Amino acid sequence: MNVVAVTSCPTGIAHCQMAAENLERTGERLGHEIKVEVQGAVGTQNELTAAEIDDADAVIIAADTAVSRDRFEGKPLVGASVKDGVDDPEGLFERAVDLVEAGETRTIEVGGGSGGESDAGAGANGATAGTASDATEDDSGRRGGDRGQGLLARIKKLFS
């Protein structure tokens, strides 16, 4: 299945980056193609093109800020909080697959998702993803850098 996703949080530095990484990794592990757009105070990263959206079978939005859904009209859409994207990306994919298999183009809200144009959710306090033991030599190309490094070093790498 081909999936596009948007993660968004007020700052766009930590939690939506972790949600994006978890969605990418989970999608790949489950055999789905996925591209994730990240929105935050610093702007949009990895912006989805109209062609990528047209080719998508489903959309996942894991956001704690308002995300316009106009460009996803007619697509099965799963809305959730960033925390859901960090903690339960598999559950978001399961719901997206269920919508696609049922031939539905509606929107479902999961956990902290609120519906409509806004996906303001329960917040992402306490959300974590990965540990230093998860780090491998290939992690240098990962979103956010090497998990074995401290948060400040990873944030610096993110902006370099």
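All of these numbers come straight from a predicted model, not from anything done at the bench.
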For the backbone of [Y] and the side chain of [X], can you confirm whether one donor and one acceptor N or O come within less than 3.5 Å of each other?
{"X": "Asn22", "Y": "Val86", "value": "yes"}
{"X": "Glu37", "Y": "Asn46", "value": "no"}
{"X": "Lys75", "Y": "Asp54", "value": "yes"}
{"X": "Thr7", "Y": "Cys16", "value": "yes"}
{"X": "Asp57", "Y": "Val3", "value": "no"}

> Taking atom CD of Glu52 as the centre, does the number of heavy atoms from other residues, nucleotides or ligands within less than 6.0 Å exceed 12?
Replying inline: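 Yes, the 6.0 Å shell around CD holds more than 12 heavy atoms from other groups.
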Taking all heavy atoms of [X] and all of [Y], pick out the closest pair and write down the distance.
{"X": "Ala62", "Y": "Ser81", "answer": "CB-O, 3.6 Å"}
{"X": "Ile53", "Y": "Arg71", "answer": "CG2-O, 3.3 Å"}
{"X": "Pro10", "Y": "Thr65", "answer": "N-CG2, 3.4 Å"}
{"X": "Leu99", "Y": "Pro76", "answer": "CB-CB, 3.7 Å"}

> Considering only heavy atoms from C-beta outward, does the side chain of Val78 approach that of Val59 to under 4.5 Å?
Replying inline: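 Val78 does not reach Val59 side chain to side chain.
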> Taking C-beta and beyond as the side chain, do Phe72 and Thr107 meet within less than 4.5 Å on heavy atoms?
Replying inline: no
From [X] [atom1] over to [Y] [atom2], what is the distance, rounded to the nearest 0.5 angstrom?
{"X": "Leu92", "Y": "Asp87", "atom1": "CG", "atom2": "CG", "value": "10.0 Å"}
{"X": "Gln45", "Y": "Gln17", "atom1": "CD", "atom2": "CD", "value": "5.0 Å"}
{"X": "Met18", "Y": "His15", "atom1": "CE", "atom2": "NE2", "value": "4.0 Å"}
{"X": "Leu77", "Y": "Ile60", "atom1": "CG", "atom2": "CD1", "value": "9.0 Å"}
{"X": "Leu23", "Y": "His32", "atom1": "CG", "atom2": "NE2", "value": "11.5 Å"}
{"X": "Asn2", "Y": "Glu33", "atom1": "CG", "atom2": "CD", "value": "5.0 Å"}

>> For Glu109, is there an ion pair with Arg95 - N to carboxylate O distance below 4.0 angstrom?
In response: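 Looking at Glu109 together with Arg95, the answer is no, because their closest N to O distance does not fall below 4.0 Å.
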> So, are Arg29 and Glu90 salt-bridged, with charged N and O less than 4.0 Å apart?
Replying inline: yes
>> Between Leu48 and Val6, is the side-chain contact (heavy atoms from CB on, under 4.5 Å) condition met? List the steps.
In response: CA-CA 9 Å; Leu48 298 170; Val6 177; 4.0 Å; yes
